[in-house]
Amino acid sequence: MSGAVIAIDGPAGSGKSTVARAVANALGWTFLDTGAMYRAVTVEALARGIELSDEEAVARLADSLVITNSPRVCVDGRDVQDDLRTERVNLAVSTVAANPAVRRVMVERQREFAQNQAVGTVVEGRDITTVVFPHATLKVYLTASLEQRAMRRGEEGAHSLSRRDVADTTREASPLRRAPDAHVIDTTSRPVDEVVQEIIECLKNLNSI
Ligand code: CDP
């Protein structure tokens, strides 16, 4: 299945990471959390005191960083996993992710990553079905009610979550959108296993055509 991609998009708290990881485990495929890449760049930009509105400086930084993710997210060999989901990063990440030059660097790396796997890859993010892998083997869009998404996120809170929703769906560079050919799953009140099974069924149906 080398080169095969299951692309999963959706807003914060829709279950993307949990579901994508579980699908990858069930299939024996690799998992890529692209949000963690934007978060890692944000952690580093904040640590270095780089002005986030200075698009060139942030893009130069993104280009220079070596980001690895197995088993924990590291930047230039330094473990930043525990810094990825702080409130400071939640507040800043959508600005970094709206930077078109940063996106160019990240998208290229994401495509390269999937190409280099001996097995298929499950990739999740905001622009995976629309920009990064528009010809993915299977495209999925996960959604859920704001109330349930905020509950799943606990500490981040509904206010910060909706702020990120607005920033991510209204930005000019690769906004979050449902690809017209994506399989849409509303995960509100649905157990993870059931959603995972639905995605695996979709994949099987594709393969049996
Ligand atoms: O898991 P959660 O939805 O909280 O966020 P994430 O997947 O870790 O992504 C964090 C932020 O990175 C999002 O709010 C987007 O601004 C950005 N992002 C993006 O623009 N494109 C992606 N492919 C993935 C994340």
Side-chain angles (χ1 to χ4, degrees), residues 5-22 24 31-46 52 55 58-59 62 65 67 69 72-73 75 80-114 121-134 136 139-146 148-179 182 187 192 195:
V5 168
I6 297 179
I8 306 181
D9 283 330
S14 57
K16 293 185 312 286
S17 299
T18 311
V19 167
R21 200 184 292 275
F31 161 64
L32 181 63
D33 172 357
T34 63
M37 298 170 72
Y38 292 96
R39 286 178 182 273
V41 174
T42 307
V43 167
E44 211 51 35
L46 293 173
L52 300 185
E55 292 200 348
V58 181
L65 298 175
I67 304 170
N69 74 339
R72 290 167 65 87
V73 176
V75 173
V80 297
Q81 182 76 43
D82 294 339
D83 305 325
L84 298 181
R85 293 193 169 270
T86 61
E87 190 52 17
R88 216 171 151 223
V89 172
N90 286 337
L91 285 171
V93 65
S94 292
T95 305
V96 170
N99 181 329
V102 170
R103 302 201 72 81
R104 273 195 291 280
V105 175
M106 295 298 127
V107 168
E108 198 182 305
R109 291 186 188 185
Q110 290 153 15
R111 289 180 179 146
E112 226 172 65
F113 178 92
T121 311
V122 184
V123 190
E124 60 101 342
R126 298 290 192 289
D127 59 343
I128 309 304
T129 59
T130 52
V131 175
V132 188
F133 296 108
K139 300 183 194 179
V140 177
Y141 188 91
L142 295 186
T143 175
S145 69
L146 175 63
Q148 179 129 146
R149 294 192 291 116
M151 229 163 64
R152 288 174 184 161
R153 275 310 146 87
E155 265 179 27
E156 182 173 5
H159 181 69
S160 164
L161 214 66
S162 347
R163 210 189 46 83
R164 275 204 294 132
D165 282 353
V166 171
D168 294 344
T169 52
T170 59
R171 70 184 177 213
E172 228 167 271
S174 313
L176 169 64
R177 290 212 197 298
R178 287 176 195 204
T187 68
V192 173
V195 178

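Index from 1, following the sequence. Every number for a ligand or one of its atoms is a count from 1 in the order of the listing.
Within ligand 1, counting atoms from 1 as listed, the ones closer than 4.0 Å to a heavy atom of A12 are 3 (O), 4 (O). Residue contact check: K16 has heavy atoms under 4.0 Å from atoms 3 (O) of ligand 1. Counting the atoms of ligand 1 from 1 in the order shown, those under 4.0 Å from a heavy atom of R164 are 2 (P), 3 (O), 4 (O), 5 (O), 10 (C), 11 (C), 13 (C), 14 (O). Applying the 4.0 Å criterion to heavy atoms of V93 picks out, from ligand 1, the atoms 11 (C), 12 (O). Counting atoms of ligand 1 from 1 in the listed order, those under 4.0 Å from a heavy atom of A97 are 16 (O), 17 (C), 20 (O). Short contacts between ligand 1 and Y38, defined as distances under 4.0 Å to a heavy atom of the residue, involve ligand atoms 12 (O), 18 (N), 19 (C), 21 (N), 22 (C), 23 (N), 24 (C), 25 (C). Taking a cut-off of under 4.0 Å to the non-hydrogen atoms of R103, the atoms of ligand 1 that pass are 19 (C), 20 (O), 21 (N), 22 (C). Listed by number with element, the atoms of ligand 1 under 4.0 angstrom from any heavy atom of D127 are 21 (N), 22 (C), 23 (N).
Considering backbone and side-chain atoms alike, E156 places every N or O at 3.5 Å or more from each N or O of ligand 1. Checking only distances, R126 does come within under 3.5 Å of ligand 1, N or O to N or O. Backbone and side-chain nitrogen or oxygen atoms of E124 are examined, and none is located within less than 3.5 angstrom of a nitrogen or oxygen of ligand 1. Polar contact with ligand 1: absent for D33 (N/O pair, distance under 3.5 Å).
S14 places a side-chain N or O within 3.5 Å of a backbone atom of P11 that can act as its donor or acceptor partner. Distance alone, capped at 3.5 Å, is enough to place a donor-acceptor pair between the R163 side chain and the L91 backbone. A donor-acceptor pair is defined here as one N or O able to donate and one able to accept, closer than 3.5 Å; such a pair exists between the side chain of T34 and the backbone of E124. Remark: the backbone N or O of T143 is paired with a side-chain donor or acceptor of T187 at under 3.5 angstrom.
Only the side chain of R85 comes within 4.0 Å of ligand 1, counting heavy atoms alone; its backbone N, CA, C and O stay farther away. With a 4.0 Å cut-off on non-hydrogen atoms, R152 does not touch ligand 1 at all.
The residue from V73, T42, D33, V89 that alone fulfils the side chain to side chain contact (heavy atoms under 4.5 Å, CB included) condition with L84 is V73.
Of the protein's heavy atoms, G35 CA, 3.5 Å lies nearest to atom 25 (C) of ligand 1. The protein heavy-atom contact nearest to atom 24 (C) of ligand 1 is T34 OG1, 3.3 Å. Scanning all protein heavy atoms for the shortest distance to atom 14 (O) of ligand 1 gives D168 OD2, 2.6 Å. In terms of protein heavy-atom proximity, atom 8 (O) of ligand 1 is nearest to R39 NE, 2.7 Å. From the protein, the heavy atom lying nearest to atom 2 (P) of ligand 1 is R153 NH1, 3.3 Å.
In plain terms, the two heavy atoms of V102 and A59 that are nearest each other are CG2-CA, 3.9 Å. Taking both residues in full, the closest heavy atoms of P134 and K139 are given as O-NZ, 2.6 Å, listed atom of the first, atom of the second, then distance. Nearest heavy-atom pair across A24 and F31 is CB-CB, 3.8 Å. In plain terms, the two heavy atoms of L161 and R153 that are nearest each other are CD1-CG, 3.8 Å.
Within the structure, the salt bridge (Lys or Arg N to Asp or Glu O under 4.0 Å) test picks out no pair touching residues 105-114 (sequence neighbours left out).
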Y38 vs N99, side-chain contact (heavy atoms from CB on, under 4.5 Å): CA-CA, chis, key distance, verdict: CA-CA 10 Å; Y38 292 96; N99 181 329; over 6 Å; no
